[in-house]
Number of protein chains: 2
Amino acid sequence: MAKANEKTKGEAKESAAKSREPLTRERVLGAAVAMADEEGLDALSMRKLGQKLGVEAMSLYNHVKNKDAILDGIVDMVVGEIEIPADAPDWKTAMRRRAAAAHDVLLRHPWSVALIESRMGLGPSRMGYFDWVIGTLRGAGFSLDLAYNAFLTMDSFIYGFTLHEVNWPFQTDEERDRVLAETMPNIPMEDYPNIHALMEHATAVSAGLDEAAAAGVSPYVAEFEFGLDLILDGLERARDGA
Amino acid sequence: MAKANEKTKGEAKESAAKSREPLTRERVLGAAVAMADEEGLDALSMRKLGQKLGVEAMSLYNHVKNKDAILDGIVDMVVGEIEIPADAPDWKTAMRRRAAAAHDVLLRHPWSVALIESRMGLGPSRMGYFDWVIGTLRGAGFSLDLAYNAFLTMDSFIYGFTLHEVNWPFQTDEERDRVLAETMPNIPMEDYPNIHALMEHATAVSAGLDEAAAAGVSPYVAEFEFGLDLILDGLERARDGA
DNA sequence: AATCTATGCTTACGTCGTAAGTTTGTCAAG
DNA sequence: CTTGACAAACTTACGACGTAAGCATAGATT
């Protein structure tokens, strides 16, 4: 018995260096986010997550209720990453900064967009986010009803756009060329003339997907800001109009 | 032998009435859509789908490559359900009708919103949809670049809003009251004053979730149309402005 | 020293998608 | 009428999944 113990301890000593840190809920959630970032949400299984933490799958259940709780947890972590601008000079720039922050964070965790949407209304982070928007707009002269509608419109656009973006079939110049080369034969020019025109347009205009990526910017910021400003200007008119 | 045949035919006659129809790709996809509508996308498994069709799971593979192909197939079916308005008097009503049609179809198949987003750019239905929007806008005096941005903004909003909507925690008056009663204690009034104000607002304004449902309308059409009209008006200005 | 509690591990069950191989029902050619 | 081929169904089996149930151990409390 004593011998067996000794041997167990011995062979565990160096490989368990990582796993000697005591494995808290925070460590579990952190590893889950990292794994989803690296390998995608589908690759996030209890067994693989345990493995990454140097632990068996079932041990995770001492720190989180079940996998669903992990998903809730990482959703709230990501939402909590979205910074709420504190010192914006006016409501428009406040909204713009918040939207940009959300856009950035969501693109850093592409799996999170769909996941957040599928678990609406759970976490406290989202509540704060929500309260701040309504409060800021009300402080800028929006009625409660208008602020409510404004929130829905802005948030629908932000999440909808980003969801489109992370699932867009190409993110680099090379991918775009390959996808277009594969797809064009299936799309007869005469049936879809506008798509063809647009392809050329896209090739010409967004010539630099790679450059944007190299600059650490989303390749589709321009399109994002177009829609966002359209909405913000519309909201301003709605406030001043009626 | 003759006897055996007779018996087989005999006992199969009524229970196999459904499964005697020869099980085509169309029947598989139709059943898949029905099952997703009834029990949710997670409940759609090859085994259950086979069962529903009176067949073993593996038999489905004679008609579809794999489950992924089924998902692609049902996505294209749903997208194909969205009617493209043919005789609209002007571009705005054309876009409004198209948006309303999409909204309706997506709400009839709530699971489809996230699924469509996760499989962008595959089906031919979506291509037609896309081509029509760009073409209509160009015909109404929009530049190609503006039409492209307009499409992204509108589609982001439509899908983003509907995705919010199908995951919204309450769809009926009773659900709303229960969810609010459960959630309010966790949201201290003084930390989230605007949420509280909004709750009262929502309770007062959207008093009739049930009524809308009874009338066969989405309870959130008003909010949807608010955002959509905001965007359409903004697009009109963008076209006329520059 | 005895006991409790927290935290890890092992085993096992039912479900999933699907690869591989086998049976069966239909129909054309000999 | 037999035969042989082909399509479409079925059977079996594998590895991965989430997790219920129970066991082991080590540190803290009594």
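Per chain, numbering begins at 1; letters A, B, ... match sequence-line order.
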[X] [atom1] - [N] [atom2] separation (whole Å):
{"X": "Lys67(B)", "N": "dA19(C)", "atom1": "NZ", "atom2": "P", "value": "14 Å"}
{"X": "Tyr61(B)", "N": "dC16(C)", "atom1": "OH", "atom2": "P", "value": "12 Å"}
{"X": "Gln51(A)", "N": "dC9(C)", "atom1": "CD", "atom2": "P", "value": "12 Å"}
{"X": "Met58(A)", "N": "dC17(D)", "atom1": "CE", "atom2": "C1'", "value": "12 Å"}
{"X": "Met46(B)", "N": "dA16(D)", "atom1": "CE", "atom2": "P", "value": "20 Å"}
{"X": "Leu49(A)", "N": "dA16(D)", "atom1": "CG", "atom2": "P", "value": "17 Å"}
{"X": "Asp42(B)", "N": "dC16(C)", "atom1": "CG", "atom2": "P", "value": "11 Å"}
{"X": "Leu60(A)", "N": "dT19(D)", "atom1": "CG", "atom2": "P", "value": "11 Å"}

Check every strand shown and say whether [X] touches a base, only sugar-phosphate, or nothing at a heavy-atom separation below 4.0 Å.
{"X": "Lys48(A)", "answer": "sugar-phosphate"}
{"X": "Leu44(B)", "answer": "sugar-phosphate"}
{"X": "Ser45(B)", "answer": "sugar-phosphate"}

Ring-face cation contact, Tyr159(B) with Arg126(B), 6.0 Å cut, 45° max: yes
Output field: ring centroids Tyr192(B)/Phe130(A) closer than 6.0 Å: no
Phe157(A) ring center within less than 6.0 Å of Phe157(B) ring center: no
Distance-only donor-acceptor test, Asn62(A) side-chain atoms vs dG8(C) base atoms, 3.5 Å: yes
From CE (Met58(B)) to CZ (Arg47(B)), nearest 0.5 Å: 9.0 Å
Whichever of Glu56(A) and Arg47(A) has its nearest DNA chain C nucleotide further upstream toward 5': Glu56(A)
Check: Asn194(A)/Trp132(B) side-chain N/O donor and acceptor closer than 3.5 Å: no
Residue closer to the 5' end of DNA chain D, His63(B) versus Asp68(A) (nearest nucleotide): His63(B)
Side-chain N or O of Ser59(B) closer than 4.0 Å to phosphate OP1/OP2 of dC10(D): yes
